[in-house]
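Everything numeric in this text was worked out from a predicted model, so none of it was measured. Every number for a ligand or one of its atoms is a count from 1 in the order of the listing.
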Amino acid sequence: MNKTILITGGSRGIGAATALLAAQKGYAVAVNYASNSLAADEVVRQIRAVGGSAMAVQARVEDESQVLAMFEKIDAKFGPLTALVNNAGIVDVAARVDEMSVARLKRMFDVNVLGSFLCTREAVKRMSTRYGGQGGTIVNLSSVAARLGGAGQYVDYSASKGAIDTFTVGLAKEVATEGIRVNAVRPGIIETEIHASGGQPDRARLMAPMVPVQRAGSVLEVAHAIIWLLSDESSYTTGSFIDVAGGR
Ligand code: NDP
């Protein structure tokens, strides 16, 4: 069976590392991005340079019409998906709950939660044996923030990841007899540009002393866990979580 994967937010950070590793494992890789086409094109270039198949595909995951168009493009180029990584996610600047605007809250839950639901809905239609599909695997990016809570910084982000945890458990049961496994990875502090987008470019370095292993993690350390959950090596694992968080 051809292996085809969509990695939302596959153009940078954890998503990009996962895209490169998935290509090494023989997947044709759809590299989704929101606005930075140069970064997505660079991931595609690196995959093709070593003989892999990849395409860059723009879509804001929270926009239904853009998601539908993205899946049609992937269908046309690679055929039906066999794997999905719901990785696209955002943070915002540190704030207390009593300071959060409606616009901030809507954006946070739209991208982190609604986006994962929309991409999953379209993926399940292609993977599920209920729809004549061949089965597949889904990995969601949660965060240790889902159990820590993010007090004083971003309770909204943490709650959106708590929703992803519940989504993982419920969906895993819902599609368990349809050939689809659903799991999540909960990273801790990982060196990516997400911290700069939340106004704290040095966050990974500053937080390192609070991590039991005394350092931030790398994108590759997270990507390896994602790839294992996608692989047949985890064939009895569904509705499960891997914390990649240095003991935090
Ligand atoms: P980055 O900020 O480094 O990269 C984000 C990626 O998501 C980019 O490819 C970006 O595309 C894409 N993206 C952002 N918004 C959208 C959108 N609306 N629609 C589609 N794509 C979008 O993030 P990380 O690699 O750090 O994080 C990846 C995931 O891991 C997230 O879900 C995050 O919450 C989670 N995580 C990260 C941790 C960390 O410490 N880094 C810790 C715990 C969890 P573009 O370049 O076009 O903007």
Atom indices of ligand 1 within 4.0 angstrom of Arg60 heavy atoms, with elements: 19 (N)
With a cutoff of 4.0 Å, is His195 in contact with ligand 1, counting heavy atoms of the residue only? yes
Look at atom 27 (O) of ligand 1 and say which protein heavy atom is nearest, naming residue and atom and giving the distance to 0.1 Å. Ile194 CD1, 3.9 Å
Contacting atoms of ligand 1, where contact means under 4.0 angstrom from a heavy atom of Asn32: 20 (C), 21 (N)
Heavy-atom proximity to atom 22 (C) of ligand 1 ranks first, among Ala216, Ala34, Gly89, for Ala34
Of the side chain and backbone of Val111, name the one, both, or neither that has a heavy atom under 4.0 Å from an atom of ligand 1. side chain
Distance under 4.0 Å to a non-hydrogen atom of Glu193: what atoms of ligand 1 satisfy this? 3 (O)
Between CG on residue Leu114 and OG on residue Ser160, distance to nearest 0.5 Å: 12.0 Å
Please determine if Lys161 has a nitrogen or oxygen closer than 3.5 Å to a nitrogen or oxygen of ligand 1. yes
Nearest 0.5 angstrom please: Lys161 NZ to Asn140 CG, how far? 8.5 Å
I need the nearest protein heavy-atom contact for atom 29 (C) of ligand 1: residue, atom name and distance, please. Asn87 O, 3.1 Å
State if Ser197 counts as touching ligand 1 under the rule of any non-hydrogen atom under 4.0 Å. no
Heteroatom distance test (Tyr33, ligand 1): nitrogen or oxygen, under 3.5 angstrom: no
Short version for Thr192: what comes under 4.0 Å of ligand 1, heavy atoms counted, is side chain
Any nitrogen or oxygen of Ile189, main chain or side chain, under 3.5 Å from a nitrogen or oxygen of ligand 1? no
Considering heavy atoms of the protein only, find what lies nearest to atom 12 (C) of ligand 1 and give residue, atom and distance to 0.1 Å. Gly9 CA, 3.5 Å
Which one holds for Glu62 and ligand 1: side chain close, backbone close, both close, or neither close, with close meaning a heavy atom under 4.0 Å? side chain
Cationic N near anionic O, under 4.0 Å, Arg12 to Glu42: no
So, Ser234 side chain and Ser231 main chain: donor-acceptor pair closer than 3.5 Å or not? yes
Is Arg126 salt-bridged to Asp75, going by a charged N under 4.0 Å from an acidic O? yes
When distances are taken from atom 36 (N) of ligand 1, the protein heavy atom at minimum range is Tyr157 OH, 3.6 Å
Regarding ligand 1, does Val61 bring an N or O atom to under 3.5 Å of one of the ligand's N or O atoms? yes
Which residue holds the protein heavy atom closest to atom 47 (O) of ligand 1, what is that atom called, and what is the gap in Å? Ser35 N, 2.7 Å
Begin with the C-alpha distance, continue with both residues' side-chain angles, and end with the deciding distance and a verdict on side chain to side chain donor-acceptor pair (under 3.5 Å) for Thr120 and Asn86. CA-CA 8 Å; Thr120 299; Asn86 281 311; 2.9 Å; yes
Are the charged groups of Glu62 and Lys106 less than 4.0 angstrom apart, N to O? no
Please list the nearest protein heavy atom to atom 46 (O) of ligand 1 with its residue and the distance rounded to 0.1 Å. Arg12 NE, 2.7 Å
CZ of Arg186 to CG of Leu141: how many Å apart, nearest 0.5 Å? 12.0 Å
If Ile, Leu, Val, Met, Phe, Trp and Tyr residues are connected whenever their side-chain heavy atoms lie under 4.5 Å apart, and connections chain through other members, are Met210 and Ile194 in the same group? no
Please identify which atoms of ligand 1 are closer than 4.0 Å to at least one heavy atom of Ile14. 25 (O), 30 (O), 37 (C)
For the atom pair CD1 (Ile138) and OG1 (Thr168), what is the distance rounded to the nearest 0.5 Å? 9.5 Å
Determine whether the side chain, the backbone, both or neither of Ala59 has a heavy atom under 4.0 Å from any heavy atom of ligand 1. backbone
Within reach of ligand 1, part of Ser142 (heavy-atom separation under 4.0 Å): backbone
Roughly how far apart are Ser101 OG and Asp92 CG, rounded to 0.5 Å? 7.5 Å
Within-shell test, Gly188 vs ligand 1, heavy atom, strictly < 4.0 Å: yes
How far is atom 9 (O) of ligand 1 from the closest protein heavy atom, and which atom is that? Ser11 OG, 2.6 Å
Answer yes or no for Lys3 and Tyr27: cation-pi contact, defined as NZ/CZ to six-membered ring centre under 6.0 Å and angle to ring axis within 45°. yes
Quick one: look up the protein heavy atom nearest atom 40 (O) of ligand 1 and list residue, atom name and how far away it is. Ile190 N, 2.9 Å
Salt-bridge present (Arg205, Asp202; N to O < 4.0 Å): yes
Any N/O of Ile90 closer than 3.5 Å to an N/O of ligand 1? no
Do the charged groups of Asp165 and Arg147 touch, with an N to O distance under 4.0 Å? no
Just verifying a value: how many Å separate Thr8 OG1 and Arg60 CZ, rounded to the nearest 0.5 Å? 13.0 Å
